[in-house]
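Quick note: residue numbers are just sequence positions, from 1. For ligands, and for the atoms within them, numbers begin at 1 and follow the listed sequence. For the numbers below, each heavy atom of this structure counts, side chains included, while hydrogens, waters and symmetry mates do not.
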Amino acid sequence: MCGIFGYAGKKDAGSVIIEGLKRLEYRGYDSWGVALASKDGIEVIKKVGAIGDFEELEKLPFSNIGIGHTRWATHGGVSNVNAHPHFSADKSFVVAQNGIVENYQELKNTLITKNHKFITETDTEVIVRLIEEKLKSTDNLFDAIKKAFVDLKGRNTIIILPTSGKEVYAVRNGSPLVIGIAQGEIFIASDTLSFGNHTNRVIYLNNYEMIAYKTENEQLDIYNVNNGNKISYQESLIEQDNVDIEIQGHDHYMIKEIFEQKDTIRNAVQYSIEELHDLIEAINKSNHVYTVGAGTAGFAAGQIAYYLRKIAKINVTELKSYDIDSYKEIFCDKDLIIAVSQSGETADTIEALEIAKNKGVKIASIVNMQGSTITRISDYQFLSRSGPEICVASTKAFTAQISWGFLLAMSLVGKHDDAVNEIYRISEMLENYFRSKKFFKSEKVFKEIAKNFANKEHFFVLGKGQNYYIALEGALKIKEITYKHFEGFSAGELKHGVIALIEKETPVIAIISDDEYKEDMLSAVAQVKARGAFVVGISDQDNQLFNTFIPSCKSDYIDSLTKIIPFQLISYYLGIQLGNSPDKPRNLAKSVTVK
Ligand code: M6R
């Protein structure tokens, strides 16, 4: 969702900001804007659509300080006027925001009674007018921002550039904000990836912390916005291998990231038994273990809970982070939550963790984005180390997270090395698969399936046991990129209602592992087949019941891991067949930082 990028330093701020905004593109946006301060005041450019090499960019003045924003519309349509940054009425400052001002209507009504005029439909403009209102009783912009910020409800992060071009301010609450430091330069942004090509020195901000940066003496100060006290801060270093966002000759990030899984599943299990020790001890001591996440990460949380129950025989409950209502009552200080997230910034998940933390629950997390909020609020932090995942639809983060969950479950029963060996074995199989002619053969199959599926609207995916969450995630993956109705079910659910939907030629994808549920799955396939379904089987063995067979790699321990990959490929090829954009599906944002 919205991205913020501010820069002050010796370089041409316009180019640095545009480059930074491009590195934030993956979060999802529908419009964008840049504001640059120079001796002639602030120049703003705002556009709907993708950041391109517009002529207007050339016309922007040379400047050493500016702010930029990518907007994912929440309040007010997608338009130039609603895009950020927003000017104050007297053009003395501009503001960009990430988040939602939950009390914006109430504030707007009060501000209207005080004669403030509104020209946009955004909640952001309320912040601008509120700062103007506060400036009536102080001529100090810093104080006015502080006073205005504490009146806002909701998760909001803002950045403010005054016309003087001598300072820049930013305040964080909920929505992410990090600072990058280099010699004579500062970057203020929504994530470290956006400036990771300039510096690896970062400062992480906590909620209600405010940055004031003065260009004259390159002075950075951080304050607590509630009491105005100065805060001492520390620099950290980010891992530089995690900042490369080159597409490396692929047509889309999605296919690049699907191929990368042969490596990323290995990276995710680079934790020794010593490094897992504290978490293992916490799990063993805890009263109850929960896993939590949303969307794909929610399905990964479900799969991790499955491994912990099935392999380690631990009583684990999977929760959806946006739906923990009844659990609020029973969380206690002997519980442990394992949070799963790619971005580490998902508002629903952060809120669930905050609620649990207040009840004394210990937090562990497996997150892909280093330095993110979820990592920083966790007692036990683990990184999935998949590298930047740019495609909005999550692929490599999912398989990395479940590989880590498998490692954890196996380590709990003394089989750490077996888990690592198995993930390495699968990684090798995937490497051979993607490299060999076999893949090109199956690429044909995927393209064929895409052609067959292009004219259909409703599809069903069946799995059971270790493949239940794979069916749900497989269906979500295809929905996201193809906009078609794919629904995942447990094969056990079929006779209890779902079978009513099956008619002649209804496409059904069945995931069949060589495990205790193989016979159940084949019976389910026979039942849909008897009603005319067109069956695609994902399995390590062909079967006469399948109309189309997609072979998948076999693993005795973690077969489910390899079963998701065909869904990612169907999603990709069907999306392309339909003319959709695989990397930027409609309406979706990569990092869902608002509720
Ligand atoms: O960053 P997170 O993993 O916490 O994000 C959670 C979901 O928003 C995310 O998994 C979403 O469902 C993806 N678009 C799935 O492809």
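In the model, T375 has a side-chain atom that pairs as donor or acceptor with a side-chain atom of S372 under 3.5 Å. A donor-acceptor contact under 3.5 angstrom links the side chains of S365 and S378, judged on distance only. Residues S31 and R71 bring no donor and acceptor atom of their side chains to less than 3.5 Å of each other.
Using a cut-off of 4.0 Å between Lys/Arg side-chain N and Asp/Glu carboxylate O, E235 and R201 are scored as salt-bridged.
Using bins of under 30°, 30° to 60° and over 60° for the plane-to-plane angle, the ring pair H252/Y572 lands in the perpendicular bin.
Within 6.0 Å of the NZ atom in K451, the count of heavy atoms belonging to other residues, nucleotides or ligands does not exceed 12.
Only side-chain heavy atoms of T346 come within less than 4.0 Å of ligand 1; its backbone N, CA, C and O stay farther off.
For Y290 and Y327, the distance between ring centers is under 6.0 angstrom.
Less than 4.0 angstrom separates some heavy atom of V592 from each of these atoms of ligand 1: 8 (O). The contact set between ligand 1 and A393, taken as ligand atoms under 4.0 Å from a residue heavy atom, comprises 16 (O).
Looking at Q401 next to ligand 1, no N or O pair under 3.5 Å apart turns up. Looking at K477 next to ligand 1, an N or O pair under 3.5 Å apart turns up.
Ligand 1 does not have M369 within reach: every non-hydrogen atom of the residue lies 4.0 Å or more from it. Heavy atoms of T349 come nearer than 4.0 angstrom to ligand 1 in no pair at all. Within the 4.0 Å heavy-atom shell around ligand 1 one does not find L588.
Nearest-residue assignment for atom 1 (O) of ligand 1 (options S372, S384, A294, S343; heavy-atom criterion): S343.
For atom 14 (N) of ligand 1, the nearest protein heavy atom (residue, atom name, distance) is E480 OE2, 2.6 Å. The single protein non-hydrogen atom nearest to atom 15 (C) of ligand 1 is T296 OG1, 2.9 Å, given as residue, atom name and distance.
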